[in-house]
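Since the structure comes first, as structure tokens, the remarks are kept for the end.
For the numbers below, each heavy atom of this structure counts, side chains included, while hydrogens, waters and symmetry mates do not. Every chain is numbered from 1, with letters handed out A, B, ... down the list of sequences.
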2 protein chains.
Amino acid sequence: MGEGLRERTRRAVRAEIAEVAIGLFVRQGFDNTTVEDIAQAAGMTKRSFFRYFATKEDVVFDGVDLTGEKVVADIAARPAEEGPWECLQHVLGAWQEEIHASEQVLATLRLIEATPALVGRLHQRRTEWRRRVSDALQGRPGVDIDAYTADLLTNAATAVLDAVSSEWVRSDGKAKRSALLEQGFRQLHVDPNLRQA
Amino acid sequence: MGEGLRERTRRAVRAEIAEVAIGLFVRQGFDNTTVEDIAQAAGMTKRSFFRYFATKEDVVFDGVDLTGEKVVADIAARPAEEGPWECLQHVLGAWQEEIHASEQVLATLRLIEATPALVGRLHQRRTEWRRRVSDALQGRPGVDIDAYTADLLTNAATAVLDAVSSEWVRSDGKAKRSALLEQGFRQLHVDPNLRQA
DNA sequence: CTGGTATCTGTCACTCGGTGACACTATAGA
DNA sequence: TCTATAGTGTCACCGAGTGACAGATACCAG
């Protein structure tokens with residue numbers, strides 16, 4: 001019907017692997033957990049695990065890393081008279097709202113912060129994504145900005161995002177992320193006149 | 001005399017490994033080059049390679065990644081009446097000046113940008129280093145800022161650094177990094193009143 | 001219901017990054 | 001010259017990830 005049972009089961013299996021794996025990671029550490037441990041706990045082979053996730057790290061970002069296409073699309077959809085910085089603030093603010101502040105997410109973020117390999121992988125993905133955001137920012141109708149400025153603002157926006165995430169974890173999930181984000185974007189005031197030689 | 005011949009030869013060997021390795025990486029790609037390739041080209045065993053570099057990635061950052069202790073020390077040494085943002089600008093500007101704009105550095109940066117694994121490793125190191133910078137910023141006598149603001153400014157400063165690096169590579173090393181850095185720090189104007197509930 | 005086809009799975013074998021242990025050699029320093 | 005120390009090769013090993021093959025399973029036609 002409409003969208004296939006196979007895909008549904010596949011996503012269900014993915015979700016269960018992720019849940020089992022993160023449980024193991026939190027309990028005994030990322031490095032002390034082998035893929036075979038995960039596969040066995042999920043009732044499958046090591047080979048089958050890699051048919052659902054390309055790397056051992058990716059299983060962690062399954063529920064978080066929605067570094068979405070939607071953000072890129074939303075940027076293009078913002079009104080043309082809006083400045084690039086406000087555009088980023090609105091789009092990323094809306095994106096952040098969608099990540100529900102569950103205990104699961106908090107545990108995952110803690111796990112990432114405590115595991116260098118995961119930090120690396122996260123920023124690796126972020127970098128690819130950032131390039132697309134920067135391009136979207138440049139391609140926006142109305143204002144035209146050079147590549148350097150687009151990169152600068154995009155990097156700065158993710159800098160705010162990272163700081164918000166850190167502070168949120170530091171407060172055990174009690175801080176209001178939207179307030180932190182707004183504060184961060186306000187403190188990094190962007191000079192409106194983007195003139196240059 | 002005074003500082004040992006052994007250390008000198010060790011550093012020389014390190015440098016030669018790095019040179020040989022980067023040459024291979026540039027010619028045939030990072031992923032298509034095995035550690036045994038490097039070791040053989042440098043006249044040693046795989047095992048000996050790992051006695052000089054902890055990972056295959058680290059060999060690339062040998063000449064670049066001086067994410068130094070000096071930066072952290074310099075932050076503490078800045079005059080107390082200086083704001084945190086200006087402090088970061090001065091220290092990182094001085095740090096950046098020390099990286100001579102050689103063709104070798106340019107090729108290395110290109111290599112990093114083209115290789116996801118290297119991007120990940122770079123940001124992984126950056127993250128550890130950033131934590132220390134943020135702590136140094138908080139520990140500065142005179143002004144006291146909260147952890148969130150310190151993280152925010154530190155992240156933003158590295159955001160500028162990354163944008164400068166990208167633009168510099170994009171211009172084939174012809175752009176003036178100091179000018180870009182100054183422009184970046186100026187455009188991200190930090191609100192001087194850091195008041196909060 | 002039946003057959004064909006695409007998909008999922010386990011098994012095996014393999015590559016590559018990285019590590020521990022051991023024996024051997026060269027060197028620094030008394 | 002003798003001894004402690006550091007560097008080296010060899011070997012065996014682990015874990016992440018991949019390619020190939022064969023068997024099972026589910027979808028969809030007729």
>> So that I know where these two stand, are B:His189 and A:His189 an aromatic pair - ring centroids less than 6.0 Å apart?
In response: no
> Does B:Ser48 have a side-chain nitrogen or oxygen under 4.0 Å from the phosphate oxygens OP1 or OP2 of D:dG9?
Replying inline: yes
>> Over 60° means perpendicular and under 30° means parallel, so tell me whether A:Trp85 and A:Phe185 are parallel, tilted or perpendicular.
In response: tilted
> Under 4.0 Å between a side-chain N/O of A:Tyr52 and OP1 or OP2 of C:dT9, yes or no?
Replying inline: yes
> Rounded to the nearest Å, what distance is computed from the CZ atom of residue A:Arg10 to the P atom of nucleotide D:dA26?
Replying inline: 16 Å
>> Given C:dG10, C:dG18, C:dG20, identify the nucleotide with an atom nearest to the side chain of A:Met44.
In response: C:dG10
> Which part of the nucleic acid, if any, lies within reach of B:Thr9 when heavy atoms closer than 4.0 Å are counted: base, sugar-phosphate only, or nothing?
Replying inline: nothing
>> Using a heavy-atom cut-off of 4.0 Å across all strands, would you classify B:Thr45 as base, sugar-phosphate, or nothing?
In response: base
> Below 3.5 Å, does any donor atom in the side chain of B:Arg47 face an acceptor in the base of D:dG7, or the other way round?
Replying inline: no
> Between B:Lys56 (NZ) and C:dT19 (P), how many Å, whole number?
Replying inline: 14 Å
>> What is the distance, to the nearest angstrom, from the CD atom on A:Glu36 to the P atom on D:dG17?
In response: 13 Å
> Rounded to the Å, how far apart are A:Gln40 CD and D:dA16 P?
Replying inline: 14 Å
>> In whole Å, I'd like the distance from the CZ atom of B:Arg11 to the P atom of D:dA6.
In response: 17 Å
> Between C:dG17, C:dC8, D:dT18, which one does the side chain of A:Phe50 approach most closely?
Replying inline: D:dT18
>> Check this for me: A:Glu82, atom CD, are more than 12 non-hydrogen atoms of other residues, nucleotides or ligands nearer than 6.0 Å?
In response: yes
> For A:Leu24 and D:dG15, what is the distance between atoms CG and C1' respectively, to the nearest whole Å?
Replying inline: 16 Å
>> For the residue pair A:Thr158 / A:Arg126, report whether a side-chain donor-acceptor contact shorter than 3.5 Å exists.
In response: no
> For the pair made of CG in B:Asp31 and C1' in D:dA16, what is the distance, rounded to whole Å?
Replying inline: 14 Å
>> Using a 4.0 Å heavy-atom cut-off, does B:Arg51 contact any base of the nucleic acid, only the sugar-phosphate backbone, or nothing at all?
In response: base
> Are side-chain heavy atoms of A:Ile17 and A:Met44 found at a separation under 4.5 Å?
Replying inline: yes
> Between atom CZ in B:Phe30 and atom C1' in C:dC16, what is the gap in whole Å?
Replying inline: 12 Å
> Looking only at N and O atoms, is any donor in the side chain of A:Lys46 or the base of D:dG17 less than 3.5 Å from an acceptor on the other one?
Replying inline: yes
